[in-house]
Amino acid sequence: MDRLLSMTCFARAVETGSLSAVARELGIGQPNVSRHLASLEAQLGMRLMHRSTRKLTLTPEGERYYAEVRPALDALGEAESNARGEDRPSGLLRVSCPVALARYKILPLVKPFLEQFPEIELDLQIGDRMVDLVEDGVDVAIRVGDLRDSSLRARRIGTARRICVASIDYLAAHGTPQTPLDLPRHNCVLFSLLATGQVWPFERAPIQVSGRFRVNSPEGVRAAVLDGLGIGLMPCWLFADEIAAGKIRVLMPDWPVPSLPIHALYPEKRLLPRRARVFMDLLAAAFAADPMLRDAP
């Protein structure tokens, strides 16, 4: 059997924990995946993993073999890319990114990226779920906020500047807060995934806020603020058009909130393919040119 395909089946079985997932990914059917794994074990003369209907468990020999196989497969992919020419990255690139950032800032970059690199296929996986890059076969994950996963490498590609905002209708009905100390008297739209909880982290005066509506999506906060449900604290680019049109007002500009970093993450133990590097380069350049995605002067 194809030794390279057998090695690929093994590596992805380890990373996904599922033979059916490998079969779907490679398009070869689950029985063929099982045959490739059996053939690989027969050629090596050792058991690499124990397979049951519920899970896959690596043997000690399988753990050692995987540690050697994964860098070898990455290096082979990079060598093939090099053979095609330094300026022609190719292949399938899987990228995970959050919904709001994708809608407003990443999707508009897809067409110029694919036009510039016609031999790359882009699988953009949009969602706010924290994916496991190795298990889900993702090359690059774009994340907004402070990092917690030390098993990943990170490249900072931008900054999400946050602002406090409200609609003109809300302010007309409830008044305009002058400092963060006024916020407890207002209805605030709460982003339930905010790391600081219901404390809005103004640099000079962190303040506990409350409100009748909370939601786990920046898009949900945006919609609620536009509907006049309350005051929101979100990245400035979520409301750029409405601020320019005078529908939304920036509150307390002299009371800044710390910005959030935007990172591109990739697995530490995987060789980063050139197609991933050029994608990160494009995002970093576009974000650096966007005043909404870089630190304020």
Side-chain angles (χ1 to χ4, degrees), residues 7-8 10-18 21-22 25 55-56 58 62-78 81 89 91-102 105-107 109-110 113 117 120-160 162 191 193-196 216-218 235 258-288 293-295:
M7 293 166 64
T8 301
F10 169 71
R12 290 304 292 146
V14 173
E15 292 161 357
T16 64
S18 167
V22 178
E25 182 178 307
K55 65 179 182 178
L56 305 175
L58 281 177
E63 291 179 356
R64 290 193 296 269
Y65 187 66
Y66 173 76
E68 298 293 334
V69 162
R70 171 40 69 193
L73 291 173
D74 290 339
L76 180 58
E78 185 72 0
S81 180
L92 176 62
L93 174 64
R94 294 185 176 93
V95 177
S96 170
C97 59
V99 175
L101 187 65
K105 296 299 179 180
I106 294 180
L107 284 174
L109 300 174
V110 169
F113 175 73
F117 302 103
I120 292 180
E121 299 175 39
L122 179 61
D123 178 0
L124 191 62
Q125 301 174 14
I126 299 174
D128 292 327
R129 179 178 69 90
M130 298 288 280
V131 301
D132 183 309
L133 274 71
V134 174
E135 182 176 328
D136 294 326
V138 171
D139 297 297
V140 178
I142 310 301
R143 290 182 183 165
V144 180
D146 296 324
L147 300 179
R148 300 176 183 175
D149 192 339
S150 60
S151 67
L152 301 173
R153 291 186 178 179
R155 174 181 172 183
R156 184 160 179 167
I157 58 173
T159 298
R162 290 184 289 179
F191 179 41
L193 299 184
L194 184 67
T196 55
N216 66 348
S217 161
S259 300
L260 296 175
I262 303 174
H263 288 98
L265 307 180
Y266 52 97
E268 182 178 22
K269 297 182 180 180
R270 297 278 294 272
L271 185 66
L272 187 67
R274 184 176 298 106
R275 57 186 175 271
R277 290 200 296 270
V278 296
F279 183 76
M280 289 191 292
D281 289 344
L282 180 138
L283 289 187
F287 289 3
L293 291 171
R294 61 173 186 256
D295 289 315

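Only heavy atoms go into these numbers, but all of them, side chains included; no hydrogens, no water, no symmetry mates.
A salt bridge links Arg70 and Glu15; the closest N-O separation between the charged side-chain nitrogens and carboxylate oxygens is under 4.0 Å.
Two residues are said to be in side-chain contact when any heavy atoms from C-beta on lie closer than 4.5 Å; Val22 and Thr8 fail this criterion. Between Val138 and Gln125, the closest side-chain pair of non-hydrogen atoms falls below 4.5 Å. The side-chain heavy atoms of Arg143 and Val131, taken from C-beta on, include a pair separated by under 4.5 Å. Proximity of Phe279 to Val95: side-chain heavy atoms (C-beta onward) are separated by under 4.5 Å at one or more points. Between Leu282 and Phe287, every side-chain heavy-atom pair lies at or beyond the 4.5 Å cut-off. Contact of the Arg153 side chain with the Leu265 side chain is not registered, since no non-hydrogen atoms from C-beta on lie closer than 4.5 Å. Considering only heavy atoms from C-beta on, Leu93 stays 4.5 Å or farther from Asp123 through its side chain. The side-chain heavy atoms of Val99 and Ser217, taken from C-beta on, include no pair separated by under 4.5 Å.
Interatomic distance, Leu193 CG to Asp128 CG, rounded to the nearest 0.5 Å: 7.5 Å. For the atom pair Ile262 CD1 and Cys97 SG, the distance stands at 11.5 Å (nearest 0.5 Å). Between Leu122 atom CG and Arg275 atom CZ the span is 11.0 Å, to the nearest 0.5 Å. The line from OG1 of Thr159 to CG of Leu260 is 9.0 Å long, rounded to the nearest 0.5 Å. Distance check, rounded to the nearest 0.5 Å: CG of Leu124 to CD1 of Ile126 gives 4.5 Å. With rounding to the nearest 0.5 angstrom, the CD1 atom of Ile142 is 10.5 Å from the NE2 atom of His263.
The two residues Leu152 and Pro267 make their nearest non-hydrogen contact at CD2-CA, 3.9 Å. Contact between Leu56 and Ala13 at its shortest, heavy atoms only, is CD1-O, 3.7 Å. Closest heavy-atom contact between Pro89 and Ile120: O-CG1, 3.4 Å. Here the closest non-hydrogen pair linking Ala11 and Tyr66 is O-CE1, 3.8 Å. Closest approach of Leu101 and Val144 over heavy atoms only: CD2-CG2, 4.0 Å.
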*Full working for side-chain contact (heavy atoms from CB on, under 4.5 Å) between Leu283 and Phe113*: CA-CA 9 Å; Leu283 289 187; Phe113 175 73; over 6 Å; no

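By the 30° and 60° cut-offs, the orientation of the rings of Tyr65 relative to Phe10 is tilted.
Residues satisfying the ring-ring contact (aromatic ring centres under 6.0 Å, His included) criterion with Phe191, sequence neighbours excluded, are absent altogether. For Arg155, the side chain to side chain contact (heavy atoms under 4.5 Å, CB included) partners two or more places apart in sequence, or in a different chain, are Ile157, Met280, Asp281, Ala284.
A distance-only check finds a donor-acceptor pair linking the side chain of Arg294 to the backbone of Ala288 [under 3.5 Å]. Side-chain atoms of Arg162 come within 3.5 Å of backbone N or O of Pro258 as a donor-acceptor pair.
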